[in-house]
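Letters A, B, ... are given to chains in the order of the sequence lines, protein chains preceding strands, and every chain is numbered from 1.
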2 protein chains.
Amino acid sequence: MTTITDVARAAGVSPATVSRVFNGGRVTPERAARVRRAAAELGFEPNRVAQSLRKQRGSVIGLLIPDIENPFFTSLARGVEDAAQQTGLSVVLCNTDENVDKERRYLGIALAEQMAGVIVAAASRVGTDLSPLAARGMPVVAVDRRPKGASVDAVLVDNQHGGEAATEHLLRSRYRRVACVTGPEGASTSEERLAGYRAAIRDALADGTLPSDGPDDLLTAYVRHADFRVGGGRSAMADLLAMERPPDAAFVANNLMTVGALEALRAAGRTPPGFGVLSFGGVPWAGLVRPSLTTVELPSYELGFTAATLLQERIAGSAKPLQTVVLRTGLSVRDSTAGPGARLPAAALE
Amino acid sequence: MTTITDVARAAGVSPATVSRVFNGGRVTPERAARVRRAAAELGFEPNRVAQSLRKQRGSVIGLLIPDIENPFFTSLARGVEDAAQQTGLSVVLCNTDENVDKERRYLGIALAEQMAGVIVAAASRVGTDLSPLAARGMPVVAVDRRPKGASVDAVLVDNQHGGEAATEHLLRSRYRRVACVTGPEGASTSEERLAGYRAAIRDALADGTLPSDGPDDLLTAYVRHADFRVGGGRSAMADLLAMERPPDAAFVANNLMTVGALEALRAAGRTPPGFGVLSFGGVPWAGLVRPSLTTVELPSYELGFTAATLLQERIAGSAKPLQTVVLRTGLSVRDSTAGPGARLPAAALE
DNA sequence: CTGAAAGCGCTAACAA
DNA sequence: TTGTTAGCGCTTTCAG
């Protein structure tokens, strides 16, 4: 391995000068050129480990996500990676598997590896403890979910708005018994999406769009909590369909549960758009699904990109007050919410 | 930050003793206990950066994959991660985007970060150069694809066998004009899968399963090279369908291209199993696709797990001769290859 | 602008 | 078994 000392010797200067050349110190152009030439000839690459030890700060940032198989998080990861490139930081991807213990281990590694900073989509709102990092002055940005009581920058999705827009769309499409399959109780994302649903329903009751008889039904009876996974979505939907007066549409609060919900619908012989289905978050290769699925579009890439940008500011020493950035969702209207009586052209179904 | 010296002072021993306690050196139980207690009280965690610098070897392994959004690679990544846990190594996931330059950059980082080793699914068979790592004695395992001329351990899929089994299955299902949409020319995976296809066709011609008139058609005319991406699969299939005498089934050499191929079929008003479709590699949430898709199952998780195990042996200093492990594929028969005249029960289509 | 020197936290010879 | 010592490769005062 060629070291800074080898280069120094070859260029006839001191190691300090070589270091300055590579770190923007003041060096006369002539000597700088000599150093660069020597470095190139010897194939010198600064040893990042030594740099990290000396500077007490590494050049990688940790990205902790709960599920690497969820396309939402892979897309987020790409955003982080792209933003990190700009500063020459590399990204270590750690898959916490929605598991607080695994997450804690990775946070420990982040510390022990002296990472430059950490971006974390917390495995749990209450179980995730970011304080050891804060205590050691390591910059942290929370993304998608904000752990309770953590004083860190955060980049979040406007879940409530997304849930509201979704539910409003279903009502506008003339569905009248709109259910909501949301995530686990206590998860901020589920609660917020549910809150959006409730707000939309409440508004519709208030302005007469929905008949006011049995308002309880719509605000509570048609709500199911599940686990954000395929199986949970399936059982929740099966449960809804078994009701005496089942819903005629559902807002499903994440992509995986939507897959399960569609399976349950199919098993019951009901299909969109006769039964309206709206997914919070797209499914991969949505093009294959017939009829095509109306979805709330999440800014996953931007979430990652923004978080990484914020983190880099902190790493660079920014002392701004803590920020929370909230990114808006979009709505992609497709066939699965065409309306309870809609007839789709054959091409949309085959 | 508490260092080994702090612990040593608190326990009334030398730093070396503390180091021994944490690295399995010989220390009297009594002193060891004292050290551990002190370490716990002070919340000591060994500084991995300093360890790496001193030992000239880090405790992370790099995993370079071409496409983090492909479920095949995420599953492989999980296998690597699980295997790595056993030795306490962490995994840095690097997404090379099928881009040789990006890949080279990451390989440089692996060196500069003194990673313990690297597992690489090469972006290119000829463009990927692993020699700098070999030159510096860094253990490398190639996975899924083996770069040309690299003398490294490798864990591969039996692509040829998979392609052969797939094609045989289509023929057995009474399809007679079986096409093959394979990957880019020059990629070992595409060539091998294609070779399997050709072998099966040749056998069928030889034993009379296929009429021997126009053998050229089957061996060459029905073959298309595409780019392993959705768009490529779509155009290749469109091209096949536009032939004067189009195929009645296709073996598609990866999951993404299958998605495209299905889109092209749908656009042409043809659907499986009337037109047989067999995908090399499963699609995520396959349960949503109707009719359900027959696939060659890839041992992606095992690929990763095996590669990581091999790598760890090398890291531990194993001097065995170079190994190549080849893992077999499976075949999951579903509805999309039920036969050209098959009538599926309604439930399979709705 | 440049070089000498100190030291980041840890481990591995070597001595005791 | 234990402690002392000498660095791993780099950056950063501090003099010059």
Side-chain angles (χ1 to χ4, degrees), chain A residues 1-36 38-39 42-60 88 108-109 111-116 136-138 317, chain B residues 1-36 38-39 42-60 88 108-109 111-116 136-138 317:
Chain A
M1 186 195 306
T2 57
T3 76
I4 210 174
T5 326
D6 302 330
V7 178
R9 198 171 13 239
V13 300
S14 79
T17 301
V18 179
S19 172
R20 289 188 187 106
V21 170
F22 283 90
N23 294 285
R26 313 214 154 286
V27 180
T28 51
E30 188 271 329
R31 307 185 109 206
R34 229 163 60 216
V35 167
R36 278 186 216 290
L42 297 172
F44 168 74
E45 283 281 353
N47 180 324
R48 291 212 197 193
V49 178
Q51 287 181 321
S52 302
L53 180 60
R54 177 60 233 238
K55 298 209 278 217
Q56 300 284 47
R57 164 183 304 167
S59 49
V60 309
I109 292 175
L111 244 16
E113 293 275 3
Q114 298 188 179
M115 292 183 185
R136 296 257 298 266
M138 179 173 292
Chain B
M1 186 193 306
T2 54
T3 75
I4 212 174
T5 327
D6 302 329
V7 177
R9 195 166 21 232
V13 300
S14 79
T17 302
V18 179
S19 172
R20 287 185 190 110
V21 169
F22 284 90
N23 294 285
R26 309 213 156 287
V27 181
T28 50
E30 188 270 329
R31 288 168 93 89
R34 229 161 63 215
V35 168
R36 277 186 218 290
L42 297 173
F44 168 75
E45 283 280 352
N47 181 323
R48 292 211 197 194
V49 178
Q51 288 181 323
S52 303
L53 179 59
R54 178 63 236 241
K55 299 210 275 219
Q56 300 285 36
R57 163 184 304 167
S59 48
V60 307
I109 292 176
L111 243 16
E113 292 274 4
Q114 299 191 177
M115 291 185 187
R136 295 256 300 266
M138 179 173 294

Open item on the list: A side-chain contact here means heavy atoms from C-beta on lying under 4.5 Å apart; do B:Met138 and B:Leu111 qualify?
Closed with: yes
Acceptor/donor pairs from residues 19-29 of chain A side chains to any protein atom, 3.5 angstrom cut, sequence neighbours excluded:
unit_1	atom_1	unit_2	atom_2	d
A:Ser19	OG	A:Asn23	ND2	3.4
A:Asn23	ND2	A:Ser19	O	2.7

Which of C:dG9, C:dC10, C:dA4 is nearest the side chain of A:Arg20? It is C:dA4
Review item, nucleotides 5-7 of chain C N/O atoms under 3.5 Å of protein N/O:
unit_1	atom_1	unit_2	atom_2	d
C:dG7	N2	A:Arg54	NH1	3.1

Bounded by its outermost nucleotides with an atom under 4.0 Å from a heavy atom of chain B, the footprint on DNA chain D reads D:dT1 to D:dG9
For a quick check of understanding: with a heavy-atom distance under 4.0 Å over all strands, which category does B:Phe44 fall into, base, sugar-phosphate or nothing? sugar-phosphate
A:Asn47 CG to C:dC8 P, in whole Å, measures 18 Å
Separation of C:dA12 atom C1' from B:Gln56 atom CD, nearest Å, is 13 Å
In short, A:Ile4 meets A:Phe44 closest at the heavy-atom pair N-CE1, 3.5 Å
From CZ of A:Arg34 across to C1' of C:dC1 the rounded distance in Å is 13 Å
Notebook entry, point to check: A:Val49 near the nucleic acid: base, sugar-phosphate alone, or nothing, with a heavy-atom cut-off under 4.0 Å?
Noted result: nothing
When rounded to the nearest 0.5 Å, the distance separating CZ of A:Arg136 from CD of A:Gln114 is 7.5 Å
Here the gap from A:Gln51 atom CD to B:Leu53 atom CG, rounded to the nearest 0.5 Å, amounts to 11.0 Å
Residues B:Val13 and B:Arg34: closest non-hydrogen pair is CG1-NH2, 3.8 Å
Of B:Gln114 and B:Arg26, the one whose closest nucleotide on DNA chain D sits nearer the 5' end is B:Arg26
All heavy atoms of B:Ser52 vs all of B:Gly58, minimum pair found to be OG-CA, 3.4 Å
Whole-Å distance, B:Asn23 CG to C:dG9 P, equals 17 Å
So, is A:Arg31 close to the C:dG3 phosphate, meaning a side-chain N or O under 4.0 Å from OP1 or OP2? yes
### Query
Can you check whether B:Arg48 reaches A:Ile109 side chain to side chain, under 4.5 Å on heavy atoms?
yes
Here the distance between atom C1' of C:dA4 and atom CD1 of A:Ile4, to the nearest Å, is 14 Å
Establish, with yes or no, whether the OP1 or OP2 oxygen of C:dT2 is under 4.0 angstrom from a side-chain nitrogen or oxygen of A:Thr28.
yes
### Close side-chain approach of B:Thr3 and B:Asn47, heavy atoms under 4.5 Å
no
Assert: residue with more 5' nearest nucleotide on DNA chain D, out of B:Lys55 and B:Val13, is B:Val13
